[in-house]
Amino acid sequence: MLVRDAMSTVVLTIGPAHTLRQAAALMSTRRVGAAVVLDPDGTGIGILTERDVLNSLGLGQDPDAERAHAHTTTDVVFAAPSWTLEEAAAAMTHGGFRHLIVLERGEPAGIVSVRDIIRCWAPRRQRAQQVPA
């Protein structure tokens, strides 16, 4: 199975000037764990995750004052829609993260998460266990 089969094509994009509260509210409304941060004047494409927001709050920072750009991961590993789920899982494991931005022709086409991969693998594993020996 390929990344294109598992990825979410609904991509939440925000700007670097969004506050963490704004980002968190948008992520909550969309029920996603990450937002793609588009900064055409700066670092390009980055990612802000729920963990980034949580880390900021844990440090006592003000979510109304903190801006997305200060918490965005910019050294992002990107996936291609043609990657296998095994390749995506290996990249996540190696990098220690749970989301991959999927690029197609240099633009964000989706996000694939650990949860997306598990959703694809779980039914296949259940079917394999049900096959009589």
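In what follows, residues are counted from 1 in the order of the sequence shown.
Transitive grouping of hydrophobic side chains (ILVMFWY, heavy atoms separated by less than 4.5 Å) keeps L2 and F78 in distinct clusters. There is no path of hydrophobic side-chain contacts, each under 4.5 Å, that joins I47 to F97. Under the 4.5 Å side-chain contact rule for hydrophobic residues, V102 and V11 do not share a cluster. Residues W83 and M1 are members of one and the same hydrophobic cluster, defined by side-chain heavy-atom contacts under 4.5 angstrom among Ile, Leu, Val, Met, Phe, Trp and Tyr. I14 and L57 fall within the same hydrophobic cluster, where Ile, Leu, Val, Met, Phe, Trp and Tyr residues are linked whenever their side-chain heavy atoms come under 4.5 Å apart, directly or through other members.
Taking both residues in full, the closest heavy atoms of M92 and V112 are given as CE-O, 3.3 Å, listed atom of the first, atom of the second, then distance. Minimum heavy-atom separation, G46 to I101: O-CD1, 3.6 Å. Nearest heavy-atom pair, I117 versus A89, reported as atom, atom and distance to 0.1 Å: CD1-N, 4.0 Å. Closest heavy-atom contact between L103 and P81: O-CD, 3.3 Å. Shown here for H99 and S113, the closest heavy-atom pair between the two residues is CD2-CB, 3.8 Å. The two residues L85 and A6 have their closest heavy-atom pair at CD2-CB, 3.7 Å.
A distance-only check finds no donor-acceptor pair linking the side chain of T73 to the backbone of V76 [under 3.5 Å]. D52 places a side-chain N or O within donor-acceptor distance of the main-chain N or O of T49, the cut-off being under 3.5 Å. The closest donor-acceptor contact from the side chain of S28 to the backbone of A24 lies at 3.5 Å or more, if one exists at all.
Here CG of D39 is found 10.5 Å from CD1 of I45. Values are rounded to the nearest 0.5 Å. Atom CD of residue E107 and atom OG1 of residue T13 lie 10.5 Å apart, to the nearest 0.5 angstrom. Annotation: the span from D62 atom CG to R21 atom CZ amounts to 7.0 Å, rounded to 0.5 Å. Q61 CD to H71 NE2: the interatomic distance, rounded to the nearest 0.5 Å, is 4.5 Å.
Using a 4.5 Å heavy-atom cutoff, the side chains of H18 and L48 are not in contact.
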Requested in this report: Mind running side-chain contact (heavy atoms from CB on, under 4.5 Å) on V36 and I111 for me, showing each step along the way?
Outcome: CA-CA 9 Å; V36 174; I111 291 187; 3.8 Å; yes
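Within a 6.0 Å radius of CZ in R67, more than 12 heavy atoms belonging to other residues, nucleotides or ligands are found.
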